[in-house]
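The structure under discussion is supplied below as structure tokens; questions concerning it will follow.
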Amino acid sequence: MIQKYKLLDTTYFKHFHKPRKRVAYTVHNHSSKRQKEYLVTVITAVYNGEKFLKKSIESVMNQTLGFKNIEYILIDDCSTDRSKEILLDFERKHDNMIVVSLDCNSGTPGRPRNIGVELASSPYITFLDADDWLDPNGLQVLYDILEETGDPYAVGKTIKVDNRGTQVVGEHQSCKERRSVSPISIPHIFHHLGPTARMMRTSFIKEQQIQFPEMKFAEDKQFFIDILTSCKSISTTMKPIYYVNRLNETKKTRLTNQTNILQKTKYDLEIIGYILNRKFDIEIEKMIVNRIYEMDLTRRLFTTPHFQNTKFKLLYYYKYKQILKTTKKLSYDFTENFLQPIHKVIYELIREGRYSTVTKLLEWDKSEKVKEVVIKNQKPYLVTPFLEERFKYIPLPIYLTFKQHYFQGNKYILHFHVYGDSIHSITDVLIRDLKNAHNDYVLPVTIKENGEGLIEFKFDSLKDLPPSNYSIFVRYNDYMKMNIRQLIKNEIKHRYLNREFIFYHTVFSNVAIKIK
């Protein structure tokens with residue numbers, strides 16, 4: 001059965017986005033035997049995803065929740081490769097798969113996702129990009145949490161996969177098992193606003209009239225800002241849910257790579273305008289606005305390869321000056337909660353028109369692997385050797401220095417010293433494989449009032465970790481990480497149960513472990 005629809009986007013985008021024209025699409029639903037009640041709806045927007053589409057679909061089919069309990073809606077946005085053919089082939093074999101095809105390309109993931117939400121019939125919704133995949137237990141984990149808590153939203157661990165290995169993305173939202181907490185209580189909750197590893201109550205989305213703005217970029221930021229600011233409580237889990245595919249083969253098909261940095265800046269400024277029009281509580285507004293101005297409109301603007309390679313850097317600085325004009329509407333200093341103090345220095349220098357100094361600072365920051373740090377009144381400062389006194393010493397939230405290490409029986413003892421304002425927010429130690437985010441281990445840490453720190457590694461607890469190189473991080477503020485700086489090479493080795501543990505000095509002058 002093929003059904004023809006026209007979807008009118010009538011969502012009230014909180015006084016900001018105008019409704020678009022009617023969007024024609026076709027629903028390919030071959031069977032009238034579809035199960036009436038599903039547990040979860042998975043929504044996938046598809047555009048030229050043939051290379052990884054089969055793997056993505058099979059990750060949904062192999063869920064421990066049971067594929068028969070999943071309503072799977074896949075929306076093809078006029079792909080020019082074999083994507084639609086692949087989708088229809090799967091759809092013919094499975095009653096719970098709905099394939100939708102748009103009559104013309106929308107140019108945004110927002111429109112296909114909105115159609116998916118409109119068609120969803122199950123209690124819960126999650127999103128999966130066509131070149132990504134789910135952990136086999138991912139949907140079961142999030143479903144159980146939402147059933148247990150009654151929360152409208154749950155999020156777990158997102159793991160990025162690229163040609164160098166895997167790493168965790170957005171650790172603030174997966175570093176703890178949290179149940180029914182205010183989203184605003186989670187530090188930096190607005191720092192990762194992609195659609196990955198999260199599940200939402202369908203009735204909540206529809207009752208709140210939340211939709212994706214149909215923009216080429218940043219549509220997910222607005223959607224999840226609306227979600228998080230509408231939720232009274234959410235839950236988080238440390239369990240892996242979602243794998244983001246950033247392998248080299250996806251560079252040409254990812255929509256974000258088809259949007260240049262100046263276009264992205266335009267969309268980010270639209271989001272800023274949207275946030276200000278929402279008239280949030282001032283503290284919530286600060287959390288969101290500071291994140292966009294720092295991470296999107298400062299850091300990303302000046303770390304893009306095009307900026308680094310272009311001879312026309314002045315264009316970027318003039319663009320940033322335009323960005324700063326939009327901050328005049330703010331009643332507060334938007335840089336006061338910048339996560340990285342160097343970004344505030346960049347902002348101050350550009351405000352003063354010192355563009356060549358900023359260029360030099362950015363080049364130095366990128367090229368200098370081991371930067372000098374000085375301690376003043378028990379507080380650490382990054383030293384920029386070419387700047388005058390006012391900017392020469394950039395404050396750091398925390399800094400850890402190696403003192404000594406040795407073996408004691410079948411234990412490794414590491415003494416270090418902590419400097420900085422975040423000393424009392426230190427929680428534990430994380431040992432993580434440099435190339436495989438699945439291989440990690442958490443240890444307790446002891447910190448005295450005078451800043452003396454102690455870690456004890458029992459080899460018996462590390463014996464099951466596979467051979468690899470591991471970073472040693474001290475964690476603070478829930479999820480933030482800092483290495484222990486060891487400026488003098490002092491490598492020691494220990495054998496335990498036919499395995500060798502080497503504690504060594506990295507090229508970045510940090511303490512690390514190699515397990516053989």
Side-chain angles (χ1 to χ4, degrees), residues 13-17 108 188 190-194 213 215-226 255-280 282-366 387 390-391 394:
F13 281 131
K14 307 292 193 301
H15 315 295
F16 192 63
H17 288 285
T108 166
H188 310 123
F190 297 105
H191 275 231
H192 185 242
L193 295 170
M215 297 155 44
K216 190 175 181 180
F217 180 76
E219 80 295 331
D220 44 7
K221 290 179 190 174
Q222 180 172 311
F223 182 87
F224 286 104
I225 286 170
D226 283 342
L255 187 59
T256 185
N257 286 348
Q258 299 168 24
T259 310
N260 69 47
I261 190 63
L262 297 181
Q263 287 177 309
K264 290 176 180 177
T265 298
K266 170 183 172 293
Y267 291 126
D268 283 325
L269 288 174
E270 285 188 19
I271 298 297
I272 289 284
Y274 172 79
I275 298 308
L276 298 181
N277 283 340
R278 287 291 311 273
K279 305 297 182 184
F280 288 122
I282 195 69
E283 292 306 315
I284 295 175
E285 181 184 291
K286 282 182 184 180
M287 289 176 70
I288 304 170
V289 166
N290 287 0
R291 172 256 193 266
I292 296 176
Y293 275 117
E294 178 180 14
M295 306 311 295
D296 299 317
L297 296 174
T298 301
R299 179 172 179 78
R300 188 174 61 211
L301 186 66
F302 295 116
T303 56
T304 177
H306 186 266
F307 171 80
Q308 293 165 359
N309 298 326
T310 185
K311 296 179 180 178
F312 303 105
K313 289 183 171 58
L314 276 179
L315 294 176
Y316 281 82
Y317 293 126
Y318 291 152
K319 185 65 180 178
Y320 196 69
K321 283 281 195 178
Q322 293 174 343
I323 291 170
L324 294 185
K325 288 180 181 178
T326 68
T327 66
K328 292 180 179 179
K329 301 176 184 178
L330 305 178
S331 60
Y332 48 85
D333 177 6
F334 71 96
T335 68
E336 64 185 12
N337 291 320
F338 271 14
L339 202 57
Q340 297 184 33
I342 193 171
H343 295 152
K344 189 161 186 174
V345 174
I346 291 170
Y347 156 74
E348 293 284 359
L349 290 171
I350 293 177
R351 258 203 339 165
E352 296 176 8
R354 298 173 59 183
Y355 306 139
S356 60
T357 303
V358 175
T359 299
K360 188 175 181 180
L361 177 62
L362 290 164
E363 290 172 349
W364 170 82
D365 187 46
K366 185 173 185 289
L387 292 178
R390 186 159 58 102
F391 297 121
I394 302 175

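All figures in this text were calculated on a predicted structure; none of them were measured in a lab.
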Minimal non-hydrogen separation, Ile271 against Ala218, with atom names: CD1-O, 3.8 Å
Short side-chain to backbone donor-acceptor contact, Glu294 and His343, under 3.5 Å: no
Summary of salt bridge (charged side-chain N to carboxylate O under 4.0 Å, His left out) pairs that have at least one residue in residues 296-305, sequence neighbours excluded: Lys221-Asp296, Asp268-Arg300, Arg291-Asp296, Asp296-Arg300
Tyr320 side, atom OH; Ile350 side, atom CD1 - distance, nearest 0.5 Å: 5.5 Å
Rounded distance (nearest 0.5 Å) linking atom CG of Leu387 with atom OG1 of Thr357: 7.0 Å
Donor-acceptor contact below 3.5 Å, side chain Asp365 vs main chain Leu361: no
Summary of salt bridge (charged side-chain N to carboxylate O under 4.0 Å, His left out) pairs that have at least one residue in residues 333-362, sequence neighbours excluded: Lys286-Glu336, Asp333-Lys344, Glu348-Arg351, Glu352-Arg354, Glu352-Arg390, Arg354-Glu388
Pairwise distance NZ(Lys264) to CE(Met215) - rounded to 0.5 angstrom: 12.5 Å
Listed partners of Thr326 passing side chain to side chain donor-acceptor pair (under 3.5 Å), at least two apart: Tyr293
Contacts of Phe338 that satisfy ring-ring contact (aromatic ring centres under 6.0 Å, His included) - sequence neighbours left out: Phe334
For Gly194 against Asp220, the heavy-atom pair lying closest together: CA-OD2, 3.6 Å
Residue pairs fulfilling salt bridge (charged side-chain N to carboxylate O under 4.0 Å, His left out) with at least one residue in residues 305-321, sequence neighbours excluded: none
Distance-only side-chain donor-acceptor flag, Tyr267 / Glu219, under 3.5 Å: no
Thr304 (side chain) donor-acceptor with Leu301 (main chain) under 3.5 angstrom: no
Which residues share a ring-ring contact (aromatic ring centres under 6.0 Å, His included) with Tyr317, sequence neighbours left out: Phe302, Phe307, Tyr355
